[in-house]
Amino acid sequence: MQLGLIGLGKMGGNMRERIRRAGHTVIGYDRNPDVSDVASLAELVDKLEAPRTVWVMVPAGAATQSVVDELGGLLESGDTVVDGGNSRWTDDEKHAAELGARGIGFVDAGVSGGVWGLKNGYALMVGGEKEHVDRLQPIFDALKPEGPYGYVHAGKVGAGHFSKMVHNGIEYAMMQAYAEGWELLEKIGSVDNVREVFRSWQEGTVIRSWLLDLAVNALDDDEHLDRLRGYAEDSGEGRWTVEAAIDNAVPLPAITASLFARFASRQEDSPQMKMVAALRNQFGGHAVESAKE
């Protein structure tokens, strides 16, 4: 099968290689000419045989919208666009309507696997009409992990990215739980081998997971994480998960708290804790610390 792939970064580049290893033809385009197979989107479309399939792997928001707009003018009725980035599901509905007016199909694919996907395969959560999804099945089969799991046609347009969004929200909460447990273990003087405690959990416990394995890898590289600053960005999907929970009156205390913990990590000197300290001093005479000059 032929596939056009736009965006050849950490994920897209490895996806191109994995699909090629499965025997398919991939024509890739990236703004970086050193990794691109063609010089423009127009050239990419020209090299594909109809009906064409073009997979987009660029940042969510304006970048994706720009590519979808350009593809809408280049592709023809019967072609299909796949958005495999981390777009918001409501954008999928907009893109499907815009492309559908030109007879172009649209599929949204939530992709999980990170830098390990080339070796291990990518978990795929797909949304779209059955006719469009079925035509892409050979590509999905090439990308997914071996075995019966790792792929789902989750529902109509938007379902793939919504599922991936919830996946990432759960990921936030799981990472936060490991982080909190690690900090507490590091604080207790009687535990003098925290890294090996984490390693001991990798087999035979209910909290074993790939994230735990990755935590052990990180501790092997830097046992007390001394080389890292306590700062963590959020991709946006954690926020969207919390917003969707509010819209649907679904309680998500663990995921919400994990998102807010990332916000707290960005503060050198928490304004909120200044007020807490001031109040504790006012009502209880508790000591306060002066701001450093």
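Values in this document were obtained by computation on a predicted structure and should not be read as measured data.
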Exercise. For Glu49, look at atom CD and say whether over 12 heavy atoms of other residues, nucleotides or ligands are found less than 6.0 Å away.
Key: no

Quiz prompt | CD-CD1 distance between Gln202 and Ile207, expressed to the nearest 0.5 angstrom | solution = 10.5 Å

Practice problem: Would you kindly confirm whether Met57 and Val81 end up in one hydrophobic cluster when ILVMFWY residues are joined by side chain heavy atoms under 4.5 Å apart? | Solution: no

Self-check item: Cluster check Trp116, Leu8: I/L/V/M/F/W/Y, side chain < 4.5 angstrom
Solution: no

Practice problem: Any chance you could lay out the salt bridge (charged side-chain N to carboxylate O under 4.0 Å, His left out) test for Glu17 and Arg21, step after step, and finish with the verdict? | Solution: CA-CA 6 Å; Glu17 179 61 23; Arg21 289 180 184 180; 3.0 Å; yes

Quiz item: Is any side-chain heavy atom of Leu71 less than 4.5 Å from a side-chain heavy atom of Val45?
Solution: yes

Quiz item: Listed by chain and number, what are the side chain to side chain donor-acceptor pair (under 3.5 Å) partners of His224, not counting sequence neighbours?
Solution: Glu186

Self-check item: Smallest separation among heavy atoms of Trp55 and Gly84, with atom names
Solution: NE1-CA, 3.4 Å

Self-check item: Option among Leu48, Ile6, Leu3 that satisfies the side chain to side chain contact (heavy atoms under 4.5 Å, CB included) test with Ile27
Solution: Leu48

Practice problem: Check the pair Arg135 / Thr53 against side chain to side chain donor-acceptor pair (under 3.5 Å), numbers first and verdict last. | Solution: CA-CA 9 Å; Arg135 191 163 72 82; Thr53 299; 3.2 Å; yes

Quiz item: Are any of the side-chain heavy atoms of Tyr122 and Met11 separated by less than 4.5 Å?
Solution: yes

Quiz prompt | Under 3.5 Å: donor-acceptor pair, side chain of Asp83, backbone of Asp108 | solution = no

Quiz item: Does any non-hydrogen side-chain atom of Leu124 lie less than 4.5 Å from one of Val152?
Solution: no

Practice problem: May I ask you to decide if the ring planes of Phe198 and Tyr178 are parallel, tilted or perpendicular, using 30° and 60° as cut-offs? | Solution: tilted

Exercise. Measure from the side-chain N and O atoms of Arg266 to the backbone N and O of Ala232, and report whether any donor-acceptor pair falls under 3.5 Å.
Key: yes

Quiz item: Nearest 0.5 Å, what's the CZ-CG distance between Arg102 and Leu74?
Solution: 10.0 Å

Self-check item: Flag, side chain of Asp234 to backbone of Gly238, donor-acceptor distance under 3.5 Å
Solution: no

Exercise. Could you walk me through whether Val206 and Trp201 pass the side-chain contact (heavy atoms from CB on, under 4.5 Å) test, one step at a time?
Key: CA-CA 8 Å; Val206 297; Trp201 294 342; over 6 Å; no

Quiz prompt | Smallest separation among heavy atoms of Ser36 and Gly28, with atom names | solution = OG-O, 3.5 Å

Exercise. Measure the spacing between CG of Asp141 and CG of Leu136 and express it to the nearest 0.5 Å.
Key: 11.0 Å

Exercise. Heavy atoms only: give me the nearest Ala154-Gly160 pair and the separation to one decimal.
Key: CB-N, 4.5 Å

Quiz prompt | Straight-line distance of Leu214 CG to Leu219 CG, nearest 0.5 Å | solution = 11.0 Å

Practice problem: Report the C-alpha separation of Arg52 and Thr80 in whole Å, then their side-chain angles, then the decisive distance to 0.1 Å, and conclude whether the side-chain contact (heavy atoms from CB on, under 4.5 Å) test is met. | Solution: CA-CA 6 Å; Arg52 305 168 187 84; Thr80 304; over 6 Å; no

Quiz item: Side chains of Gln65 and Glu98: does their closest heavy-atom pair fall under 4.5 Å?
Solution: yes

Self-check item: Pairwise distance CG(Leu75) to CG(Leu41) - rounded to 0.5 angstrom
Solution: 9.5 Å

Practice problem: Verify, without hydrogens or angle tests, whether Asp30 (side chain) and Asn32 (backbone) share a donor-acceptor contact under 3.5 angstrom. | Solution: yes

Quiz item: For the side chain to side chain contact (heavy atoms under 4.5 Å, CB included) test, which of Gln2, Arg18, Met1, Arg16 pairs with His24?
Solution: Met1

Exercise. Flag yes if Leu99 and Val107 sit in one hydrophobic cluster, no otherwise; membership is Ile, Leu, Val, Met, Phe, Trp, Tyr, and two members link when side-chain heavy atoms are under 4.5 Å apart.
Key: no

Quiz item: Within a reach of under 6.0 Å around CZ of Arg280, are more than 12 heavy atoms found that belong to other residues, nucleotides or ligands?
Solution: no

Practice problem: With the side chain counted from C-beta on, respond yes when Pro145 and Asn120 share a heavy-atom pair under 4.5 Å apart, and no when they do not. | Solution: no

Quiz item: Is a side-chain N or O of Asn281 found less than 3.5 angstrom from the main chain of His286, in a donor-acceptor match?
Solution: yes

Quiz prompt | Exam field: side chain His95 to backbone Ala97, donor-acceptor pair closer than 3.5 Å | solution = no

Quiz prompt | Joint hydrophobic cluster, Val126 plus Tyr149, side-chain heavy atoms closer than 4.5 Å | solution = no

Quiz item: How close do Leu225 and Ala218 get, heavy atom to heavy atom, and via which atoms?
Solution: CD2-O, 4.1 Å

Quiz item: Which atom pair, heavy atoms only, marks the closest approach of Val191 to Val194?
Solution: CG1-CG2, 3.9 Å

Quiz item: Under 3.5 Å, is there a donor-acceptor pair between the side chain of Ser163 and the main chain of Ala159?
Solution: yes

Quiz item: Can Arg199 and Asp220 be counted as an ion pair, charged N to O under 4.0 angstrom?
Solution: yes

Quiz prompt | Over 12 foreign heavy atoms within 6.0 Å of OH, Tyr231 | solution = yes

Quiz item: Is Glu268 paired with Arg229 through a side-chain N to carboxylate O contact shorter than 4.0 Å?
Solution: yes

Self-check item: Hydrophobic cluster membership, Val54 vs Phe106, 4.5 Å side-chain cutoff
Solution: yes

Quiz item: Can you name the nearest heavy-atom pair linking Leu44 to Gly4, along with the distance?
Solution: CD2-CA, 4.0 Å

Practice problem: Go through the steps to decide whether Glu233 and Ser265 satisfy the test side-chain contact (heavy atoms from CB on, under 4.5 Å), and finish with yes or no. | Solution: CA-CA 9 Å; Glu233 278 289 0; Ser265 80; over 6 Å; no

Quiz item: Could you give the distance from NE2 (His161) to CD (Glu237), rounded to the nearest 0.5 Å?
Solution: 7.5 Å

Quiz item: Is the shortest distance from a Lys or Arg side-chain nitrogen in Glu243 or Arg88 to a carboxylate oxygen in the other one below 4.0 Å?
Solution: yes

Quiz item: Does the distance from a Lys or Arg side-chain N to an Asp or Glu carboxylate O, for Asp37 and Arg20, drop under 4.0 Å?
Solution: yes

Quiz prompt | Test item: Arg239 and Phe263 side chains (from C-beta on) under 4.5 Å apart, heavy atoms | solution = yes

Practice problem: For atom CD of Gln137, decide whether the heavy atoms of other residues, nucleotides or ligands shown that lie under 6.0 angstrom number more than 12. | Solution: yes

Quiz prompt | Close side-chain approach of Leu259 to Ile255, heavy-atom, < 4.5 Å | solution = no

Quiz item: Do Phe140 and Val133 have side-chain heavy atoms sitting under 4.5 Å apart?
Solution: yes

Self-check item: Verdict with supporting geometry, Asn168 and Met165, side-chain contact (heavy atoms from CB on, under 4.5 Å)
Solution: CA-CA 5 Å; Asn168 282 22; Met165 178 195 75; 5.9 Å; no

